[in-house]
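The next block holds one structure in the form of structure tokens; read it before the comments.
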Amino acid sequence: MAKVCWPYFDPEYENLSVRINPPRVSVDNTSCSDCTVVKIDSVNKPGILLEVVQILTDLDFIITKAYISSDGGWFMDVFHVTDQQGKKITDGKTIDYIERVLGPKGHTTDVIKNCPAKRVGVHSVGNHTAIELIGRDRPGLLSEISAVLANLHFNVAVAEVWTHNRRIACVLYVNDDTTSRAVDDPNRLSIMEEQLKHIMRGCEDDDKVARTSFSMGFTHIDRRLHQMLFADRDYEGGGVATDVDYPSSFKPKITVERCEEKGYSVVSVRCKDRAKLMFDIVCTLTDMQYVVFHANISSNGPYASQEYFIRHMDGCTLDTEGEKERVIKCLEAAIHRRVSEARFKSGALCKR
């Protein structure tokens with residue numbers, strides 16, 4: 001791989017830079033007739049693009065266009081967004097929230113922790129314990145999981161479920177069905193873990209077929225589901241997307257080329273447009289340890305066209321065919337996973 005110098009980020013210098021040059025956020029409803037323009041100028045730092053896209057996505061905004069530039073020490077992004085009905089963002093409280101979370105106060109630890117983003121962990125949704133399950137998908141699996149939890153007197157408050165390539169990843173928020181509080185009894189949790197692991201394995205004896213664990217982190221739920229399936233290597237499974245799900249005109253077309261002049265690898269994605277598409281792609285590139293320096297995002301009718309100029313965190317570009325093929329497969333998987341997502345709230349898990 002060709003190596004390009006990658007700047008070192010000193011944590012103390014980064015904090016000083018933020019204080020000296022606080023982020024500037026603009027929410028503009030006058031420049032465009034059909035969308036709201038959100039502009040962010042900030043000191044650059046690793047992961048900042050995913051952070052911003054995640055916040056806009058959690059507000060259920062549709063990103064119709066975006067221009068990303070974060071080469072060097074400064075991060076400058078422009079997003080054209082609408083609500084789910086295709087209208088401008090005019091609610092004053094929502095605009096205030098964007099300016100607060102993406103602005104100077106949003107970079108403090110307390111504000112970030114208090115943001116109403118979807119996160120995984122004991123402290124994320126009140127008194128709930130988060131459980132992560134991954135294994136082979138099969139008919140009736142969610143019903144069996146629900147039955148086990150009900151028999152052990154656990155209440156499922158929320159469940160996020162994704163399936164892809166015959167694999168299932170699930171994050172469950174549970175609590176005691178009597179006290180409605182998180183369960184911290186190690187014996188009770190151990191029994192639940194063993195029974196769920198048995199259900200997830202089904203008729204197979206290999207422990208690698210399924211995994212059950214308790215989440216203690218603060219990772220965004222959607223990102224965590226991507227990470228779980230990526231670690232499970234779901235992208236290596238045989239293609240299960242049918243022509244019904246993805247007509248030939250809508251199948252993702254992904255290429256990886258090299259920009260010799262600037263020393264970037266250019267990832268181009270053209271596929272059917274949908275909500276959260278940019279988040280899924282940026283999330284996957286970030287978790288694969290790639291840095292996005294520039295990007296152009298646009299939508300044309302039912303299609304989305306996204307172009308990312310990237311390097312690996314060590315400054316290298318993608319030069320081997322194996323690396324390029326892996327990125328293409330992982331992005332295809334990230335795009336397909338969202339199609340089969342499901343979200344259940346209290347009492348609904350067993351009704352699927």
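Between Glu332 and Arg337, no side-chain nitrogen of the basic residue sits less than 4.0 Å from a carboxylate oxygen of the acidic one, so the salt-bridge criterion is not met.
Annotation: Lys39, atom NZ; neighbour count of heavy atoms from other residues, nucleotides and ligands within 6.0 Å does not exceed 12. Shown here is Arg233, whose CZ atom has no more than 12 heavy atoms of other residues, nucleotides or ligands within 6.0 Å. The number of heavy atoms from other shown groups lying within 6.0 Å of NZ (Lys324) is above 12. Within 6.0 Å of the CG atom in Asp91, the count of heavy atoms belonging to other residues, nucleotides or ligands exceeds 12.
A pairwise comparison of heavy atoms in His226 and Ala334 identifies CE1-O, 3.7 Å as the closest pair. Across every non-hydrogen atom of Ala182 and Asn175, the tightest pair is N-CB, 4.2 Å. Of all non-hydrogen atoms in Cys271 and Ile335, the two that sit nearest each other are SG-CD1, 4.3 Å. Shown here for Ser42 and Trp74, the closest heavy-atom pair between the two residues is O-CD2, 3.3 Å. Across Ile48 and Val43, no two heavy atoms sit closer than the pair CD1-O, 3.8 Å. Minimum heavy-atom separation, Ala157 to His128: CB-NE2, 3.4 Å.
Cation-pi check for Arg311 over Phe293 is met; the charged atom lies under 6.0 angstrom from the ring centroid and within 45 degrees of its normal.
Side-chain atoms of Asn165 come within 3.5 Å of backbone atoms of Asp234 as a donor-acceptor pair (strictly under, hydrogens ignored). Of the possible donor and acceptor atoms, none in the side chain of Ser190 sits under 3.5 Å from a partner among the backbone N and O of Pro186. The closest donor-acceptor contact from the side chain of Asn296 to the backbone of Gln306 lies at 3.5 Å or more, if one exists at all. The main-chain N or O of Asn29 is found under 3.5 Å from a side-chain atom of Lys88 such that the two form a donor-acceptor pair. With hydrogens and angles ignored, the 3.5 Å screen pairs a side-chain donor or acceptor of Asn151 with a backbone N or O of Ala147. Glu193 contributes no side-chain N or O that, together with a main-chain N or O of Leu189, makes up a donor-acceptor pair within less than 3.5 Å. The main-chain N or O of Asp60 is found under 3.5 Å from a side-chain atom of Gln84 such that the two form a donor-acceptor pair. With hydrogens and angles ignored, the 3.5 Å screen pairs a side-chain donor or acceptor of Ser70 with a backbone N or O of Val292.
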Is there a side-chain contact (heavy atoms from CB on, under 4.5 Å) between Glu325 and Glu321? Walk through the geometry before answering. CA-CA 6 Å; Glu325 185 65 24; Glu321 291 304 315; over 6 Å; no

Under the salt bridge (Lys or Arg N to Asp or Glu O under 4.0 Å) rule, what do Asp176 and Arg181 come out as? Steps first, then yes or no, please. CA-CA 6 Å; Asp176 184 271; Arg181 298 184 65 85; over 6 Å; no

Between His312 and Glu323, is a side-chain contact (heavy atoms from CB on, under 4.5 Å) present by the stated rule, with each step listed? CA-CA 11 Å; His312 195 270; Glu323 291 174 298; over 6 Å; no

Walk me through whether Glu236 and Arg167 qualify under salt bridge (Lys or Arg N to Asp or Glu O under 4.0 Å). CA-CA 11 Å; Glu236 292 182 343; Arg167 304 296 290 174; over 6 Å; no

With side-chain hydrogen bond (donor to acceptor under 3.5 Å, both in side chains) as the criterion, how do Asp319 and Thr317 come out once you've worked through the C-alpha distance, each side chain's angles and the decisive distance to 0.1 Å? CA-CA 6 Å; Asp319 293 324; Thr317 54; 3.2 Å; yes

Evaluate the side-chain contact (heavy atoms from CB on, under 4.5 Å) criterion for residues Val52 and Phe75: first the C-alpha distance (whole Å), next the side-chain angles of each, then the deciding distance (0.1 Å), finally the verdict. CA-CA 11 Å; Val52 171; Phe75 173 83; 4.1 Å; yes

Trace of the side-chain contact (heavy atoms from CB on, under 4.5 Å) decision for Val27 with Ile89: CA-CA 9 Å; Val27 181; Ile89 313 302; 5.7 Å; no

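Using a 4.5 Å cut-off on side-chain heavy atoms (C-beta onward), Lys87 and Thr82 make no contact. Annotation: side chain of Asp177 is not in contact with side chain of Phe154 (no heavy-atom distance under 4.5 Å). Side-chain contact check for Glu99 versus Asp96: some heavy-atom pair is nearer than 4.5 Å. At least one side-chain heavy atom of Leu149 sits less than 4.5 Å from a side-chain heavy atom of Met192. The shortest side-chain heavy-atom distance between Thr30 and Val37 does not fall under the 4.5 Å cut-off. Contact annotation: the side chain of Trp162 approaches that of Arg338 to within less than 4.5 Å [non-hydrogen atoms, C-beta and beyond]. Between Asp77 and Leu49, some side-chain heavy-atom pair lies under the 4.5 Å cut-off. Residues Val266 and Arg258 form no side-chain contact, since every pair of their non-hydrogen atoms from C-beta on lies 4.5 Å or further apart.
Remark: Asp273 CG to Ser305 OG distance equals 10.5 Å, nearest 0.5 Å. Note that the CD1 atom of Ile131 and the CG atom of Leu133 stand 6.5 Å from one another [nearest 0.5 Å]. The OG1 atom of Thr36 lies 7.5 Å from the CZ atom of Phe61; values are rounded to the nearest 0.5 Å. With values rounded to the nearest 0.5 angstrom, Tyr264 atom OH is found 8.0 Å from Cys259 atom SG. Going from atom CD1 of Ile168 over to atom CD1 of Ile134 covers 9.5 Å, rounded to the nearest 0.5 Å. Distance check, rounded to the nearest 0.5 Å: NE2 of His198 to CD of Gln195 gives 9.0 Å.
If you chain together hydrophobic residues whose side chains sit under 4.5 Å apart, Val148 and Leu172 fall into the same group. When hydrophobic clusters are built by joining Ile, Leu, Val, Met, Phe, Trp and Tyr residues whose side-chain heavy atoms come closer than 4.5 Å, directly or via intermediates, Ile63 is not grouped with Val78. Residues Tyr67 and Leu102 are members of separate hydrophobic clusters, defined by side-chain heavy-atom contacts under 4.5 angstrom among Ile, Leu, Val, Met, Phe, Trp and Tyr. Residues Met278 and Val269 share a hydrophobic cluster, clusters being chains of Ile/Leu/Val/Met/Phe/Trp/Tyr side chains in contact below 4.5 Å. Both Ile95 and Ile40 are members of a single hydrophobic cluster when ILVMFWY side chains are connected at heavy-atom separations under 4.5 Å.
With sequence neighbours excluded, the residues satisfying salt bridge (Lys or Arg N to Asp or Glu O under 4.0 Å) with Arg274 are Asp280. Applying the salt bridge (Lys or Arg N to Asp or Glu O under 4.0 Å) test to Asp83 and every residue at least two apart in sequence or in another chain returns nothing.
Using a 30° and 60° split on the angle between ring planes, His336 and His164 fall in the tilted class, from 30° to 60°.
In this model, no donor atom of one side chain and acceptor atom of the other lie less than 3.5 Å apart for Gln54 and Thr57.
Residues His220 and Phe279 place their aromatic rings such that the two centres sit under 6.0 Å apart.
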